[in-house]
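Below is one structure; the comments refer to it alone.
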Amino acid sequence: TLTDVAVVDDSASLSCSWPGNPGTLQPNGNADDSVTCLGSTVIDQPTFDNAADGAEINVVTAIDSTASVGAADFFVVPFDRQPSIDLAKASTSHPDGDGDGVADAPLTGPATIEYELSLQNTGNVTLDDPGIVDPVLGSLACDSTTSLSPGATYTCTGSFTVDQAAFDDGVPLLGVGVPSPLVANIAVAAALPPGASSADDALVDGDYYVVPFERRPAVVLTKTSTSHPDGDGDGVADGPIDSPGTVDYSMTVENTGNVTLSNVTVTDPDASELTCGTATLPPGDSTTCSATATVTQADIDAGGDIVNTATVTGEGSTVTDSATYDIPIEQDPSLSVTKTPREQAFTVGATETVTWQIEVSNEGNVTLTDVRVEDFLVEDSETLTREPVPECSGELGTLAPGQSVAVPCEVTREITDAEFANIVVVAGASLNAGPVVAAAGAVVRSTDDLPETGMEVAPWAMAATSLLVVGGLFLQLGRRYT
């Protein structure tokens, strides 16, 4: 029989159930020859992290009071240490909803991108000296944690500013590569597991984040005229142009996109003295150009509109636009004809030479061609019997606006009355305004003291005669212009 038996566990408190008297064990084979003891050991995190053997070893010793006999046994519980980390990179200003590492919405102009970098201890041991670096972001603001227990997180924040130049030219890929239309950067995290003796033993993880750019180059060219304004903004001058002169144009180039435009160039093949301001336009900026165009008599003669188109191009991202300005041409073809003098000396009953002068004037604003004059003596104003006067008829050619031509007439006839009627008709053609006609009638009276016959050229008679004559002239002109 053993007395004063003690059971000791070096790492646990035991609770023993003795079969009889505590500390007494009967010889083997007896019912009271053994004792059962229960105990437990708590493995805390530091123990799990730092146990030199990587295990929990329990040694149990049983000995009697005289130490004459004793026994010992041990039990080993190995530790499965699994150090690991995970770095997650995100943007609070440009989020990534689907978790693919690319911002959901692209950058459409200069902005500051805000980042959050989280290093989580995903293993089962405590990690020391956590750290995160990001070459693109540079300096980071991190929390003060120096040790990460399992499941804990070490957080840093940082930002990257994309200015207009960077948005235009691109950002070096990963901070060192070829400039690209995006911000792409990789962050790297590290932490030391238990027992690490140098940085070579550190756990390392990385994560990337991409914010793409969406460049939208655009330019708008508007054109108006300071000399012939367009009040309602429809691109057509409010009033027409009716004489040769100079048109002053004003053009505005606006960068309506989100990238800087360089080498902005405006061309206007129908204008001269084209000058512009700056050739570099940041988004939202504009520059003004001016130019002049000369309207010639040929333009007025041609009719229609003065249509002028300017074009702008810009580089950086190639863009182009055009603007047209329209100034209607107003044509006003007009001819006038006069005959002088009305009174002169001649003798009735004799063959006399009567002289007068026909003056033809272009009183319109278009050049008239194929101008022809026809002169008639009216023998009977009621029946419209007339005698052509070839001496006073013929081709006058071309008359510019404001130009006049004098046609002297000298007619030898037998004078039968103290007065006689005479009609002259002149006609011409314009390039696009059609034929033009004018007529004049006169009653030529003798200066001798002879009774007047009362002869007059009735307006209707002159008009009718003019129509007959002009009809023939127009027929000739029509053949020429078809």
Side-chain angles (χ1 to χ4, degrees), residues 1-88 116-132 142-156 188-207:
T1 299
L2 299 177
T3 59
D4 297 323
V5 176
V7 180
V8 180
D9 189 314
D10 64 351
S11 60
S13 296
L14 299 178
S15 175
C16 299
S17 298
W18 294 94
N21 293 325
T24 300
L25 290 179
Q26 298 297 322
N28 186 32
N30 293 297
D32 298 332
D33 63 356
S34 64
V35 62
T36 301
C37 296
L38 299 177
S40 63
T41 299
V42 175
I43 308 298
D44 59 14
Q45 189 65 52
T47 301
F48 186 80
D49 295 337
N50 302 310
D53 297 319
E56 175 62 24
I57 303 175
N58 292 81
V59 178
V60 180
T61 303
I63 190 170
D64 69 355
S65 59
T66 62
S68 59
V69 293
D73 199 2
F74 67 92
F75 192 83
V76 177
V77 179
F79 294 169
D80 183 12
R81 293 173 178 160
Q82 295 181 352
S84 68
I85 59 174
D86 179 68
L87 175 64
E116 183 176 84
L117 302 93
S118 299
L119 168 60
Q120 185 179 19
N121 181 349
T122 54
N124 59 5
V125 293
T126 300
L127 304 177
D128 293 326
D129 298 326
I132 301 174
C142 301
D143 64 35
S144 59
T145 301
T146 59
S147 179
L148 282 181
S149 59
T153 300
Y154 175 74
T155 302
C156 297
V188 177
L192 296 175
S197 59
S198 70
D200 293 338
D201 299 324
L203 301 173
V204 178
D205 192 31
D207 197 13

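Keep in mind that what you see is a predicted model, and the values were worked out from it rather than measured. Values below: all heavy atoms of this structure, side chains included; hydrogens, waters and symmetry mates excluded.
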Take Leu2 and Val69 through the test side chain to side chain contact (heavy atoms under 4.5 Å, CB included) and record every step on the way to the result. CA-CA 9 Å; Leu2 299 177; Val69 293; 3.7 Å; yes
Between Thr122 and Ser84: side-chain donor-acceptor atoms closer than 3.5 Å: yes
Of all heavy-atom pairs linking Ala189 and Ile132, the shortest is CB-CG1, 3.9 Å
Spacing of Thr145 atom OG1 and Asp129 atom CG [to the nearest 0.5 Å]: 11.5 Å
Compare all side-chain heavy atoms of Thr126 with those of Pro150 and state whether any distance is below 4.5 angstrom. yes
Residue pairs involving residues 17-37 (criterion ring pair (Phe, Tyr, Trp, His ring centres under 6.0 Å); sequence neighbours excluded): none
Which residues pass the side-chain hydrogen bond (donor to acceptor under 3.5 Å, both in side chains) test with Asn21, sequence neighbours left out? none
Looking only at heavy atoms, what is the nearest atom pair of Ala199 and Leu192, with distance? CA-CD2, 4.5 Å
Note: Leu127 and Ile85 closest approach over all heavy atoms is CD1-CG2, 3.2 Å
Would you name the heavy atoms of Val76 and Pro78 that are closest together and state the gap between them? O-CD, 3.7 Å
Taking side-chain hydrogen bond (donor to acceptor under 3.5 Å, both in side chains) as the criterion, tell me which of Asn50, Asp44, Asp49 meets it with Thr47. Asp44
Value for SG (Cys142) from CG (Leu117), rounded to nearest 0.5 Å, stands at 8.0 Å
Under the 3.5 angstrom rule, does the side chain of Asp32 hit a backbone N or O of Gln26 as a donor-acceptor pair? no
Counting N and O atoms only, with roles assigned by atom type, does the side chain of Asn121 sit under 3.5 Å from a partner on the main chain of Ala152, one being a donor and the other an acceptor? no
Give the intermediate values and the outcome of side chain to side chain contact (heavy atoms under 4.5 Å, CB included) for residues Val204 and Val188. CA-CA 7 Å; Val204 178; Val188 177; 3.7 Å; yes
State, with a plain yes or no, whether a side-chain heavy atom of Val125 is found less than 4.5 Å away from one of Phe79. no
With no hydrogens and no angle check, is any side-chain donor or acceptor of Arg81 less than 3.5 Å from a backbone partner on Asn124? no
Which heavy-atom pair separates Pro130 from Ala191 by the least distance, and what is that distance? CA-CB, 4.1 Å
Taking atom CG of Asp9 and atom OG1 of Thr61, what is their separation to the nearest 0.5 Å? 8.5 Å
To the nearest 0.5 angstrom, please state how far the CG atom of Leu148 sits from the OH atom of Tyr154. 8.5 Å
With distance as the sole test, does Asp205 use its side chain to make a donor-acceptor pair with the main-chain N or O of Leu87 at under 3.5 Å? yes
Donor-acceptor check, side chain of Asp143 to backbone of Thr155, threshold 3.5 angstrom: yes or no? yes
Measure the CG-CG distance between Asp207 and Leu119 for me, rounded to the nearest 0.5 Å. 11.5 Å
Ala12 versus Ser40, closest heavy-atom pair with distance: CB-O, 3.5 Å
